[in-house]
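Structure record follows, encoded as structure tokens.
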Amino acid sequence: MKTLEQDLSAWAKERFSAAFPDANLDEVPLDVVPTAEERFGDYQCNAAMGLARALKRAPRQIAETVAATQDPHPAIAGMEIAGPGFLNLTLSNKWLAGRLQALEEDSRLGVPAEGDGRTVVLDYSGPNVAKQMHVGHIRSTLIGNALDRLHRFMGFRVLSDNHIGDWGTQFGLLIQGYRHLLDDAAFDADPVEELERIYVESQQRSEQDPDWLEQARRELVKLQKGDEESLRIWRRFMEASRTENEKIYQRLGVSFDLQRGESFYNDRLPALVERLVRQGIAEESEGALVVNLEEEGLGVCIVRKRDGGFNYATTDLATIESRIEEFQPDEIVYVTDERQQLHFRQVFAVARRLGIRVGLVHIWFGPMRSAEGTFSTRKGNVIKLHRLLDEAERRALAMVQEASPQMPADQQKEVARALGIGALKYADLCQNPQSGVNFTWQKALALDGNSAPYLQYAYARIASVQDKYRERFPDGDLAAHPIVLGEPAERRLALRLLRFPDAVSRACRQNKPSILADYLFDLAQVYSSFYQNVPFLQAEEGCRESRVRICGVTARVLRQGLDLIGIETPSRI
RNA sequence: ACCCCGGUAGCUCAGUUGGACAGAGCAGCGGAUUUCUACUCCGCCGGUCGCAGGUUCGAAUCCUGCCCGGGGUGCCA
């Protein structure tokens with residue numbers, strides 16, 4: 001099923017081609033888009049202005065040629081040329097109502113399955129072992145998970161992979177610290193908290209005490225050589241972290257198909273580097289093995305360090321190869337912060353030289369900052385993720401208790417969980433991923449205005465309307481009455497609902513959950529206005545059923561849309 | 001020094017890839033409820049789109065230069 005924009009755009013393109021058969025129209029955008037303002041109609045096509053030069057004709061004249069067409073699209077009730085050559089389209093109420101009913105009948109709410117079974121590996125979240133998840137991890141996790149949900153819904157075969165940082169130089173310091181600084185009781189009580197403490201202390205000590213540093217190096221070498229005792233300790237770290245992270249993921253409603261750490265690819269590294277050398281891709285420089293990417297303006301990419309160790313570029317290349325062998329993806333998508341842009345550009349460039357043809361995409365997002373600047377463990381201003389979630393739920397609970405004092409306590413808690421976590425997620429996802437986030441508690445946990453609870457509230461009101469309808473009109477038969485669009489607010493709402501497929505499709509194509517969030521907020525606003533100003537349960541039979549049906553479609557769109565960005569919709573608030 | 005982002009209302013941000021007089025939320029001010037959940041709705045106030053040029057029918061959007069902020073730039077990830 002085509003989206004409404006696609007449908008109208010295809011029509012426009014066909015009309016322009018028919019009117020100007022000799023012109024090359026491939027270069028010019030002929031899209032039909034929603035109008036900037038209601039008074040210009042419902043949809044508009046701006047192609048005439050763009051074509052004026054190529055066709056050497058006045059834009060208004062070009063627009064007229066199309067407007068005068070004898071076979072208008074069945075949706076179009078009126079066409080008008082405005083300004084320099086805008087072609088403004090007004091759609092027929094009857095057609096809109098029919099289309100809305102088609103959306104209502106469709107389990108996918110009109111969203112095309114553009115993924116068409118293609119496979120995408122989605123790499124996101126990726127916390128480090130032995131460190132607690134903090135605000136710095138939230139963006140990759142939330143944006144990644146939203147893209148995960150969007151792609152699945154769009155018909156892609158998605159393999160989400162949590163590429164955990166479970167290998168690297170920090171383990172020397174950690175094991176050294178574990179052997180000498182561990183407080184057993186503290187470790188039993190909260191293993192990751194204790195590991196984090198050990199790590200910080202061990203690192204501080206290594207900066208002042210060369211012997212300590214040297215011992216840590218030896219611990220790292222032992223681990224890398226596969227020493228059983230070292231591996232045993234390492235596995236304890238892994239398990240503790242995994243248990244701790246799992247709690248967070250569960251609270252966030254995030255799950256992965258795979259959770260493979262960097263260590264999973266260790267065995268592949270020597271052979272990969274050997275191949276890079278043999279194929280003349282990598283060369284020796286200052287004792288290390290590097291791939292020179294100066295030509296592409298990407299500097300050099302180190303694939304083996306002077307000490308013989310491998311680094312993350314190597315691991316990422318091996319990971320790509322492994323994923324290709326196992327899953328034959330069409331695309332591999334990484335969701336990380338902006339600081340890794342150069343890294344991924346280098347890795348992708350080296351992959352190309354290795355003959356890897358799979359689509360490689362780095363979706364990066366801006367940094368999370370606090371009022372004092374960046375969050376960092378050194379400054380001691382990091383906000384632990386579990387604390388952030390607790391706080392979100394706590395604030396939401398206060399709100400629910402005030403608004404619904406009659407609600408049973410356990411339900412209040414459950415609703416508060418959905419609202420609090422939803423608010424937190426939405427605060428992040430409603431923003432363009434690429435802009436940075438200045439973290440404030442107030443913004444992260446906002447419960448009014450452009451926030452998840454506003455959308456959830458709109459949903460809950462509809463659920464209530466539907467209950468009341470069944471209660472008051474037990475014999476009412478919604479299907480027996482067609483959707484009719486009369487009131488302006490009603491028509492406006494219908495137009496918004498019909499944009500849902502375009503919003504989902506665009507959000508997925510552009511890897512921007514914010515596009516969908518933005519759409520949903522707009523929809524909720526239009527609905528709230530409708531709700532406030534148009535009576536429905538008090539309306540006459542027929543009109544009443546039509547409006548309750550429109551409410552029903554709105555509820556489904558809100559629910560589906562919010563689900564696609566990982567936000568729950570309780571039916572009572 | 002070079003590279004990548006960003007700079008839009010008092011604050012936080014959109015702006016469908018070049019379209020109509022620049023849009024939301026919050027904050028501020030003023031209204032609306034014997035009614036389907038007021039966590040709502042309606043209205044008002046508020047902008048030299050960092051600055052200066054350029055491209056064209058048309059620029060917040062593209063190009064050049066400059067200013068400010070963030071990030072990155074060979075052995076951390």
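Order of the sequence lines fixes the chain letters, A, B, ..., with proteins taken first and strands second; residue numbering starts at 1 for each chain.
Between the CD atom of A:Gln203 and the P atom of B:A77 there is a distance of 13 Å, given to the nearest Å. If you measure from atom CH2 of A:Trp364 to atom P of B:G71, you get 14 Å, rounded to the nearest angstrom. Between the CG atom of A:Asn46 and the P atom of B:A20 there is a distance of 8 Å, given to the nearest Å. As rounded to whole Å, 14 Å separates atom P of B:A77 from atom CG of A:Leu174. Residue A:Gln170 contributes atom CD, which lies 11 Å from atom P of B:C76 at whole-angstrom precision. When rounded to the nearest whole Å, the span between CD of A:Glu262 and P of B:C76 equals 13 Å. Rounded to an integer number of Å, the gap from CG of A:Asn266 to P of B:A77 is 12 Å. Atom-to-atom, CG of A:Leu289 to P of B:C75 comes out at 15 Å; the value is rounded to the nearest Å.
Under the 3.5 Å distance criterion, the side-chain polar atoms of A:Ser529 are left unmatched by any main-chain donor or acceptor of A:Gln525.
When the P atom is used for both B:C66 and B:A59, the distance is 24 Å, rounded to whole Å. A distance of about 16 Å separates the P atoms of B:C29 and B:G46, rounded to the whole Å. Between the C1' atoms of B:C51 and B:A60, the separation comes to 14 Å (whole Å). Distance noted for atom P between B:A22 and B:A9: 14 Å (whole Å). The separation of B:G72 from B:A27, taken at their C1' atoms, amounts to 37 Å, rounded to a whole angstrom. Taking the P atom of each, B:U8 and B:G70 are spaced 15 Å apart, rounded to whole Å. A gap of 33 Å separates the C1' atoms of B:C45 and B:C36, to the nearest Å. Between the P atoms of B:G53 and B:U16, the separation comes to 26 Å (whole Å).
The aromatic rings of A:Phe500 and A:Tyr519 lie tilted to each other, with the angle between the two planes from 30° to 60°. Note: A:Phe439 and A:Trp441 have perpendicular aromatic rings, judged against thresholds of 30 and 60 degrees for the angle between ring planes. The aromatic rings of A:Phe344 and A:His362 lie tilted to each other, with the angle between the two planes from 30° to 60°.
The partner of B:A24, taking Watson-Crick or G-U wobble pairs whose two distances both stay under 3.5 Å, is B:U12. Base pairing of B:C62 is made with B:G54, judged by Watson-Crick or G-U wobble geometry with both donor-acceptor distances under 3.5 Å. Across the strands present, B:A1 finds its partner in B:U73; the criterion is a Watson-Crick or G-U wobble pair with both atom distances under 3.5 angstrom. Here B:G47 sits opposite no nucleotide as a Watson-Crick or G-U wobble pair (both hydrogen-bonding atom distances under 3.5 Å).
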Where do N or O atoms of nucleotides 10-14 of chain B meet protein N or O atoms at under 3.5 Å, pair by pair?
{"from": "B:U12", "atom 1": "O3'", "to": "A:Lys443", "atom 2": "NZ", "distance (Å)": "3.1"}
{"from": "B:U12", "atom 1": "O2'", "to": "A:Lys443", "atom 2": "NZ", "distance (Å)": "3.3"}
{"from": "B:C13", "atom 1": "OP1", "to": "A:Lys443", "atom 2": "NZ", "distance (Å)": "3.4"}
{"from": "B:A14", "atom 1": "OP1", "to": "A:Asn432", "atom 2": "N", "distance (Å)": "3.1"}
{"from": "B:A14", "atom 1": "OP1", "to": "A:Ser435", "atom 2": "OG", "distance (Å)": "2.6"}
{"from": "B:A14", "atom 1": "O2'", "to": "A:Asp518", "atom 2": "OD2", "distance (Å)": "3.3"}

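Residue A:Ala82 is classed as a base contact, given a heavy-atom separation below 4.0 Å to a base. Base engagement by A:Ser285 is indicated by at least one non-hydrogen atom pair under 4.0 Å involving a base atom. Among the heavy atoms of the strands, none lies under 4.0 Å from A:Gln456. A:Phe521 comes within 4.0 angstrom of sugar-phosphate atoms only, judged by non-hydrogen atoms across all strands, and of no base. Note on A:Asp316: nothing from the nucleic acid sits closer than 4.0 angstrom, heavy atoms only. When heavy atoms are screened at a 4.0 angstrom cut-off, A:Glu37 is found touching base atoms of the nucleic acid. Among the atoms of the strands shown, base atoms are found under 4.0 Å from some heavy atom of A:Gly50.
For the 3.5 Å distance criterion, the side chains of A:Glu338 and A:Trp364 fail to qualify, holding no donor opposite an acceptor. Looking only at atom types and distance, the side chain of A:Asp42 has no donor-acceptor partner in the side chain of A:Thr90 under 3.5 Å away. With hydrogens and angles left out, the side-chain atoms of A:Asn432 and A:Ser435 include no donor and acceptor closer than 3.5 Å.
Nucleotide B:U64 carries an anti base; the chi torsion (O4'-C1'-N9-C4 or O4'-C1'-N1-C2) is more than 90° from 0.
The salt bridge (Lys or Arg N to Asp or Glu O under 4.0 Å) search around A:Asp7 returns A:Arg99, not counting sequence neighbours.
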| message | I'd like to compare against my own output: the B/S/- annotation of nucleotides 32-45 of chain B with a strict under-4.0 Å heavy-atom distance to protein. | response | ---BBBSBBSS---

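Interatomic distance, A:Glu568 CD to A:Leu419 CG, rounded to the nearest 0.5 Å: 9.5 Å. Taken to the nearest 0.5 Å, the OG1 atom of A:Thr315 stands 5.5 Å off from the CD atom of A:Glu262.
Taking the centre of each ring, A:Phe530 and A:Phe536 come in below the 6.0 Å mark.
In this structure, A:Phe86 does not pack face-to-face on the six-membered ring of B:G19, missing the 5.5 Å centre cutoff or the 30° plane limit.
Nearest to the side chain of A:Lys305, among B:A20, B:C75, B:G70, sits B:C75.
Judged by a 6.0 Å distance limit and a 45° cone about the ring axis, A:Arg345 is not positioned over the six-membered ring of A:Phe348.
Projected onto RNA chain B by closest heavy-atom contact, A:Val33 and A:Gly165 fall at different nucleotides, the more 5' of which corresponds to A:Val33. Both A:Phe310 and A:Asp31 lie close to RNA chain B; mapped to their nearest nucleotides by heavy-atom distance, the more 5′-ward contact belongs to A:Asp31.
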